[in-house]
Amino acid sequence: MQQTRKKTILKAAVCLVLLAAALIGLRNQQYLLTLLNFVCMYMISVSGLDILFGYSGQISLGHAAFYASGAYTSALLTTKLGVPVWLAIPAACLVSLALGIIVALPASKLIHHFLALLTISVGQLVYILISRASFTNAMTGIRSIPNIPLFGYELKSKYFFLIFMILMVALFLIIKQCIIHSRVGRAFQAIRENPVAAGGIGINVQKYKIMAFAISAVYTGFAGAMYAHFVGFISPETFTSAQSVMFMTMLLFGGMGSFSGPLIGAAIVTFLNETLQVLGSYRMMVYGAFILAVLLFLPHGISGLIDIVKQSLFKNRGKEDRHADA
Amino acid sequence: MLTLDQATIQFGGLTAVDHVSFTVEKGQIFGVIGPNGAGKTTLFNLVSGVHKLTSGSIRFLDKEISGLEPYRIAESGIARTYQNINLFSNLSVLENVKIGRHIQSRSGLAAAIFRTPAQRREEAAIQDKCMELLTFMGLESKADLPAKNLSYGEQRRLEIARAMASEPQLLLLDEPAAGMNSTEKVELTEMIRNIRNMGITILLVEHDMKLVMKVTDLITVLNFGKMIALDTPQKVQNNPEVISAYLGGGIDA
Amino acid sequence: MVISLIIGALMIGSVYGMLALGYSLIYSASGLMTFTQGQLLMIGAFLGMQFYKVWGLPFLAAFLLTVLIMFLFGMLLEKCLIRVLLNKGAVSIYIVLSTIGISIILPNLAQALWGSQTIQVPSIFGVTTVKILGVSVQPESLLVIAVGLIAMVLLHLFMTKSRFGISMRAAAMDPLAASSLGINVSLTTGLTWAIAAALAGGIGVLLGPVYGVSTGMGDIIGNKGFAGAVIGGYGNMYGAIAGSLLLGFVETFVAGYITTTYKDFVSFFLLIIVMIFLPRGLFKAKVYDSD
Amino acid sequence: MKKWLSLILALTLALSLASCGGGNDSGSGSADTSGGIDSSSDANSGEAIKIGLYTPLTGSSALVGTQEQNGVNLAVKQINDAGGINGREVTVIAYDDQFSAEGAVKVVTRLIETDHVNAIVGSMSSGNIMATADMVEEAQILELGCGTSPSWTNCGYQYVFRGTQNSASFNAGIIELMEAMGATRLGTLTASTEWATNGWAAIKPALEDTSIEVVMETDYMAGDTDFSGQVTKLINAGLDAVLIYGGTEELGIICKQLRQNGYEGYIYGPETMSPVEVREVAGDAANDSFFACGYLIPDDIESAANDAERAFLEAYVAEYGEMPISDTAYRGYDSVMLLAEVFRTAKSMEGPDMREALLNVSYTGIGGEFDYSDGSGDGLESCGLYAIQNGKNIPFSSYQK
């Protein structure tokens, strides 16, 4: 026990040093800083999706709805009602939480195919609402969303925003790990593995499904709020089903039900998308083929691949948070 | 402790359990036997809430439990195992048992996120209790393996361990010996007795007559959903109606 | 006004219905879901345009040729992707995601081949409008309704009367038993994907002269067809048609009498309501059950 | 434990990506170096001048985006063929903004920060221009946007200009057309895009001073193909005028559905009605429609409105083998030609100097004379009134009832 703790601390220190070095090196790389900020948002959002799909076994192809609810709540509160940013962000999380619960009430009774369809429909509904309603400025979108003030100082610089985002990613990941390795997290995994047995052992399946949806919605909603404050402008085109599919692609590519999967997936898919810009109008074709390739050749994502490599290297026994049913 | 009163369930036109009444007293090992398709597993599903009664009642500790959701019934102190093993197969053996502690622990989401001292104490207690149970079931060396990597007999024992983790007052065992070899069966017999000696009442569905006759205090026999006998093992063995039911239906066909 | 709304609703309902039939067939035969139908419709429309307008084939020939190609394409899709994934032991949700991958590729492929502008397809008939009960109607709309009707009747006969159809239904009900009876289950499921693709492609050809052909034409229609299938009772052929027609009517009449802004909102809301309160759709009694 | 290992892996991966992405500033992106490499040998050459372009290249708006790209590439090719600008070659770096604000933010940052472009030709999506305007302002990079929505000029931007007309002038033109044709009962069908909803929002209040009554307002989702509900509703409202404020993709189908369901009044539309695509899809149904626009694509080169347009069309057809389909090709072309003029006259390649040069620029393009001296951001105010008759776009003045 003591030994492993020392190891963990050592590894954490190595990571921190690397991170610090990376940050110093990136100071003036504005484009990369922008991308990394997006990567951080995606990491939070995809981690949320992982709690729902990877750990609780419930698919969502409508997470753009929560991304939108977070972004729009925070943007509307700060621009139209003058609410301070630090109140608007929790409010955005709360609204996303509420939306998550509303979606989950019917969703918790459906099996996967119909769940997929329901979440797609919810995504469509939210998109139609924000692109039509006058209070969201319809297609015009919302401009001049304030930046995040921190210690009386606005996070205008992408560099400081990134540092803030990294802290947020760390916070949300720690929370995710705490949840996963608790009674609640075990209930989630029990439901994913076998809902009948989970009910038989005293787990209120519906309640925990709703809880998973709600937590997931908060993660994605928070990421949405960050998006709004980072870019300063939001409009409905960001919140289409393509966004939901992208979150799912990141999760699949990184690997579900793992700590590192969402992180790897968010980073690689973001950079891949940017690299594919070279292809101009052929870009989306390659992106689609990429999804197929992941499904065909990397069903457990990159983190699954790492696991396999590690297992053959170290003959490590026990796989802690991996499920391998695909 | 558990009382079935005219319990009946129909699927379409078929009456799977037909006006069955019996009472299980505290501390008993109560057997349910019958030919294939007699309605034994359906009876279990009724008690554990998977199916809802068409008519009649099921009372547990003087409270009506029929119609409750399965998790409510589990909370009231009934745990079960499954004929076709229902483990959380990709999770580790230890985690399977830990999930069994669900209703015996309290920490919610907030406690988990903030890692409150109470939550950490509880987690430590869960860990200890579960390792204790695994030791009791002889699975302690496999604690970190995924449940699906266990042998058939081990998986059955794990199911019992998981059920035991919820500290039930009544344990429903659905064919625990199925697929076990004879040494495992002997161990199982011992285990069932030990469980009873811990003060847990047991309702047992089993095909293996030798085992049933050895451990049970009282046996009820079902045939085509109807109860045809309720007696001690010795008397049931000599009951002509039971014999003809088994001959007619082909015992263990 | 009512009459033109009814004709409009029947026409768009038939379009949704043809797609919904495909979704339902696949689901009932293999328990799988696909999201490609809308994009297959788009590909069909482009192929039909290529044969009819560019190569100058007679419309009927263009139609039949497209249906044949789409049939083969559906078979290929099943053999080269779905079957491969299933053989690798993929869970069914991976199949859904793979069809999403396909539906990202197809429109971009079409854009690369045919460009991104809307391409007009010349009218099939000499006249541009016919009068029905005093209302002007485009004859192609009537053709869509008629073809929809014929396809449904043919499919009904095929599923209930032909040996192949019966074995397909058997395979759907119990694949293990069916294969032990000598029914080629993989062939029959492949066939459902092929028929689904042919239906989508066929209706796409017919839509060409009505809407013009563009890469985005399948996006919304595909989703609506799916909604129609669910509303009718997923996996039920007759439900798929009924649900799609209902959706067509609701949508057209909502746009006609209540709101055009929230027309699609109402459709998706209806879908969610059905999923919550009637999860098995309007046609609860399944003709052949797979669950 | 594996989590730490993989975290390190992820980080190093990100870092390596970072270093390769940031390292070579010049080569990344789809550098559409059209034509002449030979100009680099010029004595005065130095580095190439980089123009950034972001616009939708995939998805439902790919048509207008790729047409804009064609216009831009053509202009750059002509400039380079003529020896570049002060001996320096011009290159284009084009990215797909996916018609979404999020996509635009990413690629515009890349254009500014990684590719270090000297100037930007902006998206045809006004929403995306707005989403990125603050970044462009902060970086002091001159941008000529190709959207026509009024919402992003006259609002104080120092570096964001419009390389084409403001649709406000088209909106006035549409009202003029309606009044001239004696419209009394108007119904509308508006697309759910930023440009269309704001366009209609600008026209509506102006109608109060006229004798035109707005009887019915309907709208549709961009990408829709079935309009039977809306069309039936409009026809039954007893209208003599229908204004379709929507994209080229849908205009033809809507005209067709209106006529086929028996509408006999006049149809009015914005600049998106000019492309031949509308008339091809709608056929005869497009006749008796009226629209206002800045650039009118003629059906053939011979009927070009002026010499500048004829020269442009000849070059375009020579390059791409077909006539432009959307007027965004004109917009992209004019924008690059304007930028070239700015590059030639500016004191330096610094933002403030370029802005100064643009304010004083004198350039006559296909669309007419550009004049940015009022600092509003708009520089072109030409607006023509047109009608469709016998399947052809004709000046409104020669329309015969």
Side-chain angles (χ1 to χ4, degrees), chain A residues 1 51 54-55 57 97 171-212 214-215 218-219 256-258 300 304 307 311 316-326, chain B residues 44-45 48-50 69-82 84-115 119-120 122-123 126 143-149 159 162-163 165-166 168 172:
Chain A
M1 211 59 182
I51 293 177
Y55 285 98
L97 177 94
L171 176 70
F172 275 86
L173 281 177
I174 290 170
I175 293 177
K176 181 185 166 196
Q177 289 310 97
C178 285
I179 293 173
I180 295 311
H181 295 291
S182 76
R183 175 170 171 267
V184 176
R186 284 194 297 269
F188 288 166
Q189 293 171 72
I191 292 168
R192 175 192 76 201
E193 291 290 316
N194 193 326
V196 173
I201 205 68
I203 293 169
N204 184 344
V205 174
Q206 204 184 348
K207 174 180 142 190
Y208 281 94
K209 278 184 170 180
I210 292 172
M211 204 188 272
I215 296 171
V218 169
Y219 272 68
M256 289 189 291
S258 66
H300 300 301
D307 272 5
Q311 272 182 355
N316 226 351
R317 70 196 184 99
K319 307 202 294 170
E320 23 185 340
D321 14 71
R322 167 129 314 273
H323 78 119
D325 60 343
Chain B
F44 262 35
N45 285 342
S48 62
V50 176
E69 289 293 317
Y71 77 93
R72 289 259 177 228
I73 293 174
E75 280 172 355
S76 72
I78 299 178
R80 69 170 292 185
T81 66
Y82 299 85
N84 50 340
I85 298 171
N86 264 333
L87 283 170
F88 308 120
S89 45
N90 289 304
L91 299 182
S92 75
V93 168
L94 180 61
E95 277 172 315
N96 267 274
V97 186
K98 279 185 169 179
I99 291 166
R101 291 298 290 167
H102 188 82
I103 58 171
Q104 289 300 332
S105 42
R106 289 279 79 83
S107 299
L109 191 59
I113 293 173
F114 296 111
R115 292 249 152 182
Q119 192 259 1
R120 276 190 279 181
E122 192 178 89
E123 280 296 309
I126 291 173
D144 291 329
L145 289 181
K148 63 181 176 195
N149 289 12
E159 268 211 328
R162 182 180 67 186
S166 69
L172 314 182

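Keep in mind it's a predicted model, so treat the numbers as computed, not measured.
The minimum heavy-atom distance linking A:Asn194 with B:Phe88 is given by the pair O-CE2, 3.6 Å. In plain terms, the two heavy atoms of B:Gln119 and A:Ser182 that are nearest each other are NE2-CB, 3.7 Å. Across A:Arg183 and B:Glu122, no two heavy atoms sit closer than the pair CD-OE1, 4.4 Å. In terms of heavy atoms, B:Arg162 sits closest to A:Ile201 at O-CD1, 3.6 Å. A:Cys178 and B:Ala112 make their closest contact through CB-O, 3.3 Å (heavy atoms, listed as atom of the first residue, atom of the second, distance). Residue A:His181 comes nearest to B:Glu123 through the heavy atom pair O-OE1, 3.9 Å, listed as atom of the first residue, atom of the second, then distance.
Most heavy-atom pairs under 4.5 Å with chain B: of the set A:Ile203, A:Val196, A:Val184, A:Ile175, this distinction falls to A:Ile203. Per-residue counts of heavy-atom pairs under 4.5 Å with chain B were compared for A:Ala197, A:Gly200, A:Ala198; the largest is that of A:Ala197. Heavy-atom pairs under 4.5 Å with chain A were tallied for B:Arg80, B:Lys98, B:Glu75; the largest tally goes to B:Lys98.
Using a 4.5 Å cut-off on side-chain heavy atoms (C-beta onward), A:Ile174 and B:Arg115 make no contact.
Salt bridge annotation for A:Glu193-B:Lys148: absent, with no cationic side-chain nitrogen under 4.0 angstrom from a carboxylate oxygen.
Looking at B:Ser89, the atoms closer than 4.5 Å to chain A (heavy atoms on both sides) sit in the backbone and in the side chain alike. Within the 4.5 angstrom heavy-atom criterion, only side-chain atoms of A:Tyr208, from C-beta onward, approach chain B. Neither the backbone nor the side chain of B:Ile73 comes within contact range of chain A; no heavy atoms are under 4.5 Å apart.
Rounded to the nearest 0.5 Å, atoms CG (B:Asn90) and CD (A:Gln189) are 10.0 Å apart.
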